[in-house]
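Got a structure for you, written out below as structure tokens; questions coming shortly.
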Amino acid sequence: MHASLYHMITPAVFRPSEKLLPSRDLHFRRDVSLTQFVSILTSGNEVSMPEMDDKTAAFWDYQSLFTSQRLEVENPIKLRLIDGALPRDFPSGTYYLTGPGLFADDYGSMVHPLDGHGYLRAFEIDGPKGEVKFSAKYVKTEAQMEECDLVSGSWRFTHRGPFSVLKGGKKFANTKVMKNVANTNILKWGVFKMPPKRLLSHYKVDVRRGRLIIMACNAEDMLLPRSHFTFYEFDVNLNLLQKREFNIPDHLMIHDWAFTDTYYIIFGNRVRFDISGSMAAISGVAPMISALSVNHSRPTSPIYLLPRFSSTDSTSHHWQNPIEAPQLWLLHVANAFEEVEGDGSLKIQIHATACAYKWFNFLTMFGYNWQSRILDPSIMNGTGKEQLLPNLVKLSIESEKSENHHNFRYSCTATSLREGSRSRCSDFPIINPKCSGHEHRYIYAAAASGTHETLPNFPFDTVLKLDCLNGKVRIWCPGNRTFIGEPMFVSRGPSMVEEDDGYLVLVEYVVSNRRCNLVILDARRIGEASAVVARFEVPKHLTFPLGFHGAWASKE
């Protein structure tokens with residue numbers, strides 16, 4: 001998905017609109033029977049909800065992960081410690097979590113989670129004081145400033161977003177489509193002018209070289225049988241070190257990518273332009289994403305090795321010719337690294353999460369049904385298709401260099417790490433960032449344990465630690481009716497002694513009482529009873545929706 005980065009403008013705290021009806025965020029299904037009432041939180045208001053059986057409770061638990069939060073926290077508030085203690089030597093810094101904040105406006109429109117406006121959450125962690133402070137703000141995009149009335153606090157969606165259809169807004173010929181959706185990311189790298197292009201939501205940091213690498217691609221290319229990518233590299237002083245552009249004759253959708261010492265690596269998800277879907281999208285009766293569909297016509301997926309430096313162009317293979325890999329829809333990359341053998345042949349390993357083309361569907365992600373405007377958890381938790389679900393994979397690329405050093409023969413194999421992970425489904429893989437672009441040992445990911453009968457695959461309820469050296473897997477589970485977001489690795493100190501010498505920072509969503517907690521785990525103790533270092537509670541009236549991507553910014 002595309003994203004743009006903006007300077008933050010400190011806003012006033014919004015008041016929840018008195019006109020907001022809770023049912024606009026949570027929708028009853030007609031087959032749900034109502035019995036005894038209990039209370040849950042939605043959009044800052046306490047409302048009556050029924051006490052339900054396990055299946056129905058799971059339905060509401062799922063809805064609660066995507067409940068709007070209109071309040072912004074301008075002045076950071078101190079969070080209450082409810083478990084453990086923050087170590088004095090914990091690195092001071094800020095954990096940023098992005099994701100959607102608002103799904104329903106005051107005029108009947110309910111949007112897909114990826115169209116839900118970027119809601120930036122910040123946890124300022126002070127190790128010496130043992131404190132964590134919390135703040136939250138909406139990203140001030142053009143769409144956000146137009147759709148929110150700062151005086152009344154009311155919202156009216158005017159930008160369609162790519163995944164949604166508006167009920168109370170303009171439909172036909174509405175060109176306000178590519179608003180900055182919730183699927184964005186946060187970056188703290190000083191203040192500099194960003195390139196005037198749409199950036200991918202995933203950036204990379206070459207820690208050993210001290211470089212920030214960002215990637216841009218033009219949204220217009222999604223309608224053409226080619227893809228245009230631009231890579232920018234900045235140093236720690238914000239100087240633009242290089243800019244490299246590539247035109248690829250293939251119709252691809254890119255969400256994440258990788259880099260090594262000598263290559264940018266693009267794993268292409270093939271899509272095609274759908275004429276019938278585009279007509280429905282233009283008329284406003286279907287989401288704009290209906291114009292695209294997954295391209296199943298070829299049994300392989302392309303991998304492009306784009307030379308990172310001009311000095312490697314002459315010795316690199318013709319980068320417009322892809323390496324054909326087994327057909328997989330790539331979701332997120334943990335890392336990639338290369339090895340050059342004595343004879344000059346190249347080996348590259350990519351560790352990532354991917355799913356089958358048959359499982360991926362633009363119109364049903366997160367169980368969103370744009371016609372009924374509900375989130376149906378059964379879409380993400382169907383049985384009998386476990387082998388198609390997102391999970392950890394290893395892609396191994398090997399090359400043989402010819403005598404003239406210009407022609408290459410490449411082969412690519414894909415190995416599922418599902419057996420080693422012991423999970424039904426996993427995503428958001430991460431490593432110690434100090435190993436980015438180089439060989440690593442450990443991968444951490446959010447995963448599903450499969451123990452929840454009604455929600456076996458999603459949302460995630462487990463943190464997974466995979467030892468790539470011996471295949472050993474360790475897990476941590478937060479507890480019953482508690483789900484987790486994407487973990488973030490924080491190194492214990494400036495130098496790396498052991499690769500797992502650090503912490504995992506994440507948010508757990510305790511849906512049984514509608515609360516969010518910041519959890520800090522000892523990365524070395526995943527799988528042990530003492531894995532939890534500290535747990536801090538977010539006030540109930542500030543409970544926020546499920547986040548997607550995050551970043552750690554050290555105070556130093």
Can you tell if the side chain of Phe544 reaches within under 4.5 Å of the side chain of Val507, non-hydrogen atoms only?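 A side-chain contact exists here, since the closest heavy-atom pair is under 4.5 Å.
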Treating Glu147 as the side-chain partner and His159 as the backbone partner, does any N or O pair qualify as donor plus acceptor under 3.5 Å?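 Yes, Glu147 side chain to His159 backbone: donor-acceptor pair under 3.5 Å.
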Checking the side chain of Asn381 only, and the main-chain atoms of Asn457 only, is there a donor and an acceptor separated by less than 3.5 Å?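 Yes, because the side chain of Asn381 sits within donor-acceptor range (under 3.5 Å) of the backbone of Asn457.
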With no hydrogens and no angle check, is any side-chain donor or acceptor of His440 less than 3.5 Å from a backbone partner on Tyr442?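 Judged by distance alone, no pair lies under 3.5 Å.
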Donor-acceptor under 3.5 Å (His112 side chain, Met365 main chain):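 Pair found, side chain donor or acceptor close to backbone of Met365.
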Say you draw a straight line from CE of Met215 to NZ of Lys204; how long is it, rounded to the nearest 0.5 Å?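 Between atom CE of Met215 and atom NZ of Lys204 there are 10.0 Å.
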Phe360/Asn269 under side chain to side chain contact (heavy atoms under 4.5 Å, CB included): CA gap, chis, key distance, verdict: CA-CA 11 Å; Phe360 192 86; Asn269 301 318; over 6 Å; no
Which pair of non-hydrogen atoms, one from Ala446 and one from Gly485, has the smallest distance, and what is that distance?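 Closest approach of Ala446 to Gly485, heavy atoms only: CB-O, 4.0 Å.
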Working to the nearest 0.5 Å, report the span between OH of Tyr357 and CG of Leu328.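 Spacing of OH (Tyr357) from CG (Leu328) equals 8.5 Å.
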From Thr482 atom OG1 to Asn513 atom CG, the distance as rounded to the nearest 0.5 Å: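 Reported value, rounded in 0.5 Å steps: 8.0 Å.
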Checking Thr98 side chain against His549 main chain: does a donor-acceptor pair fall under 3.5 Å?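 Between the backbone of His549 and the side chain of Thr98 there is a qualifying donor-acceptor contact (under 3.5 Å).
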Short side-chain to backbone donor-acceptor contact, Asp461 and Ser449, under 3.5 Å: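 Between the backbone of Ser449 and the side chain of Asp461 there is a qualifying donor-acceptor contact (under 3.5 Å).
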How many angstroms lie between CE in Met110 and CH2 in Trp370, if you round to the nearest 0.5 Å?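 Between Met110 CE and Trp370 CH2, I get 15.0 Å after rounding to 0.5 Å.
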So do the side chains of Arg70 and Leu102 get within less than 4.5 Å of each other, counting heavy atoms only?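 With C-beta onward as the side chain, the pair touches.
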Under 3.5 Å, is there a donor-acceptor pair between the His332 and Glu486 side chains?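 No pair is found: no donor N or O on one side chain lies under 3.5 Å from an acceptor on the other.
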Would you name the heavy atoms of Leu79 and Glu537 that are closest together and state the gap between them?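 Heavy atoms only, the tightest pair is CD2-O, 3.5 Å.
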Could you check whether any side-chain heavy atom of Ile526 comes within less than 4.5 Å of a side-chain heavy atom of Asp500, counting everything from C-beta outward?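 SC-SC contact between Ile526 and Asp500 ruled out.
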Side chains of Leu518 and Val505, heavy atoms from C-beta outward: is any pair under 4.5 Å?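 Touching, per the 4.5 Å side-chain cut-off.
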Using modelled atom types only, decide if a donor and an acceptor are shared between the side chain of Asn295 and the backbone of Ser297 within a distance under 3.5 Å.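 Yes; judged by distance alone, with no hydrogens or angles, the pair exists.
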Atom CZ of Arg160 and atom OG of Ser109: how far apart are they, to the nearest 0.5 Å?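 Result: 11.0 Å between the selected atoms.
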Please report the shortest heavy-atom distance between Trp476 and Ala531, naming the atom on each side.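 In terms of heavy atoms, the two residues are closest at CD1-CB, 4.1 Å.
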Would you call the rings of Tyr95 and Phe123 parallel, tilted or perpendicular if under 30° counts as parallel and over 60° as perpendicular?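 Correct class here is parallel.
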Checking ring pair (Phe, Tyr, Trp, His ring centres under 6.0 Å) between Trp155 and each of Phe103, Tyr107, Tyr138, which is the one that passes?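 Result: among Phe103, Tyr107, Tyr138, Tyr138 is the only option passing the ring pair (Phe, Tyr, Trp, His ring centres under 6.0 Å) with Trp155.
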Taking it one step at a time, do Ile265 and Val333 satisfy side chain to side chain contact (heavy atoms under 4.5 Å, CB included)? CA-CA 10 Å; Ile265 303 177; Val333 176; over 6 Å; no
Are Phe489 and Tyr444 an aromatic pair by the rule of ring centers under 6.0 Å?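 Yes, the ring of Phe489 comes within the 6.0 Å limit of the ring of Tyr444, centre to centre.
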Can you list everything that forms a salt bridge (Lys or Arg N to Asp or Glu O under 4.0 Å) with Glu508? Sequence neighbours excluded, please.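 Glu508 satisfies salt bridge (Lys or Arg N to Asp or Glu O under 4.0 Å) with Arg535 once adjacent residues are dropped.
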With no hydrogens and no angle check, just 3.5 Å: does a side-chain donor-acceptor pair link Ser164 and Asp115?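 Yes.
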Which residues pass the salt bridge (Lys or Arg N to Asp or Glu O under 4.0 Å) test with Glu324, not counting sequence neighbours?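 Testing Glu324 for salt bridge (Lys or Arg N to Asp or Glu O under 4.0 Å), a comparison that skips the adjacent residues, returns Arg270, Arg298.
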Determine whether the aromatic ring centres of Trp552 and Tyr503 lie less than 6.0 Å apart.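 No, the ring centres sit 6.0 Å or more apart.
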Shortest non-hydrogen contact from Pro100 to Pro545?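 So the two residues come closest at O-CG, 3.5 Å.
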Please tell me if the side chains of Trp359 and Leu389 come closer than 4.5 Å, counting only heavy atoms from C-beta onward.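 Yes, close enough: below the 4.5 Å cut-off.
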For Ala523, does its backbone N or O pair with a side-chain atom of Lys465 as donor and acceptor, under 3.5 Å?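 Yes; at least one donor-acceptor contact below 3.5 Å.
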Atom of Asp61, atom of Ser64 and distance for their closest heavy-atom approach: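 Residues Asp61 and Ser64, closest heavy atoms: O-OG, 2.6 Å.
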Measure the spacing between CG of Leu166 and CG of Asp105 and express it to the nearest 0.5 Å.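 Nearest 0.5 Å value for the CG-CG distance: 7.5 Å.
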Side chain to side chain contact (heavy atoms under 4.5 Å, CB included) assessment of Leu504 paired with Ile430: CA-CA 10 Å; Leu504 294 181; Ile430 60 166; 4.1 Å; yes
Should Ser227 and Ile254 be marked as a side chain to side chain contact (heavy atoms under 4.5 Å, CB included) after you check the CA-CA gap, both sets of side-chain angles, and the distance that decides it? CA-CA 10 Å; Ser227 301; Ile254 308 297; over 6 Å; no
Which heavy atom in Pro487 sits nearest to a heavy atom in Phe428, and how many Å separate them?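 That closest heavy-atom pairing would be CD-O, 4.2 Å.
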Are any of the side-chain heavy atoms of Ser512 and Asn480 separated by less than 4.5 Å?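 The answer is no, as the side chains (C-beta and beyond) never meet within the 4.5 Å cut-off.
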Side-chain touch Ser290/Leu363, heavy atoms, less than 4.5 angstrom: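 In short, these two side chains touch, coming nearer than 4.5 Å.
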Parallel under 30°, tilted from 30 to 60°, perpendicular over 60°: which one fits the rings of Phe366 and Phe548?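 Geometry flag for Phe548 against Phe366: parallel rings.
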Between Gln69 (side chain only) and His541 (backbone N and O only), is there a donor and an acceptor less than 3.5 Å apart?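 Present.
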Sub-4.5 Å side-chain heavy-atom contact between Pro459 and Leu546: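 No. Closest side-chain heavy atoms not under 4.5 Å.
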Indicate the ring-plane relationship of Phe458 and Phe460, choosing parallel, tilted or perpendicular according to the 30° and 60° boundaries.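 Ring orientation, 0 to 90° scale: perpendicular.
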